[in-house]
Amino acid sequence: MIIDTHIHLDDERYRDDIDAVLKKARENGVERFIIPGADASTIGRALELAEKYDDVYFAIGIHPYDLDGFDTLDFEAYIHHPKCVAIGECGLDYYRLEGTDEEKAAEKAAQKRIFTAQIILAKKYKKPLIIHIRDASRDSKEILLEMGAGEVGGVLHCYNADEELLSLADDNFYFGIGGVVTFKNAKKLVNVLPKIPKEKLLIETDGPYLTPHPHRGKRNEPLYTTLVADKMSELLNIDVDKIADLTTINAQKLFDIK
Ligand SMILES: [Zn+2]
Ligand SMILES: [Zn+2]
């Protein structure tokens, strides 16, 4: 069995055929699905799916692209739900910063404030973190360590292959590997993959985004985690069933699911 640890099933691009998407995945051994929180406006849909399907779980969180949502989202209303397995995705994303230097600095400060607030919630409610980092490795790592986030741990989802983050494996952090590993230009990730401790590897799609080769350009879906597992098997020289087993055990441990 494979667990898709990061799949935005609440995205409207799955609305018309969600049953078929899940059925196809299950028939191919992808049997658990975790919907990360991202945008406060779709949390209702995530909850609805988690209540409808036994094998769907959700997380509650605010993405650095949706900082305004932080004030409107009532974390406490969701966090006690039996299918709520994590806080996130939250983190820092400096990739699309715009404006003057002052505006960029203000945006960074706001991202840090809201990331920090979510780490505090994770520690308060003893939930692991789903962490989104883009072009912000140093600041993210510093915040995670300063805040003692390793107490609850979490996943660096869509791990960006930055070696600076590797040491977080020793602080109870996992590394989410997705479709990027199948891309022809994924040299950096291909090289760093063997350096990640096996007991810290997870598989994800980040669907509907980051569709693996050879389906690039189409909507990503949980079924395609099998392509990620195949590629990891090839790169790590480990039998694909073993890859599925070890990443499943890792996900079950981190998110406390069966
Ligand atoms: Zn993300
Ligand atoms: Zn995501």
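Computation of the quantities below employed the complete heavy-atom set of this structure, encompassing side-chain atoms and omitting hydrogens, waters and symmetry-equivalent molecules. Order of listing sets the numbers, starting from 1, for every ligand and every atom in it.
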TODO: Mind telling me whether H81 and F58 have parallel, tilted or perpendicular rings, with 30° and 60° as the class edges?
DONE: perpendicular

- [ ] For the Zn ion (ligand 1), find the closest N/O/S atom on H132 and give its atom name.
- [x] ND1

TODO: Describe, in one word, how the ring planes of Y224 and H215 are oriented to each other, choosing from parallel (under 30°), tilted (30 to 60°) and perpendicular (over 60°).
DONE: parallel

Open item on the list: Of all the N, O or S atoms in E89, which has the shortest distance to the Zn ion (ligand 1)?
Closed with: OE1

Task: Metal check, the Zn ion (ligand 2) vs C158 N/O/S, cut-off below 2.8 Å - done: no

TODO: Identify, by name, the N, O or S atom of D206 lying closest to the Zn ion (ligand 2).
DONE: OD1

Open item on the list: Taking the ring of F75 and the ring of F70, is the distance between their centroids below 6.0 Å?
Closed with: yes

- [ ] May I ask you to check whether H63 brings an N, O or S atom to under 2.8 Å from the Zn ion (ligand 2)?
- [x] no

Open item on the list: Checking the side chain of T5 only, and the main-chain atoms of I203 only, is there a donor and an acceptor separated by less than 3.5 Å?
Closed with: yes

Task: Heavy atoms of other groups near K253 NZ, more than 12 under 6.0 Å - done: no

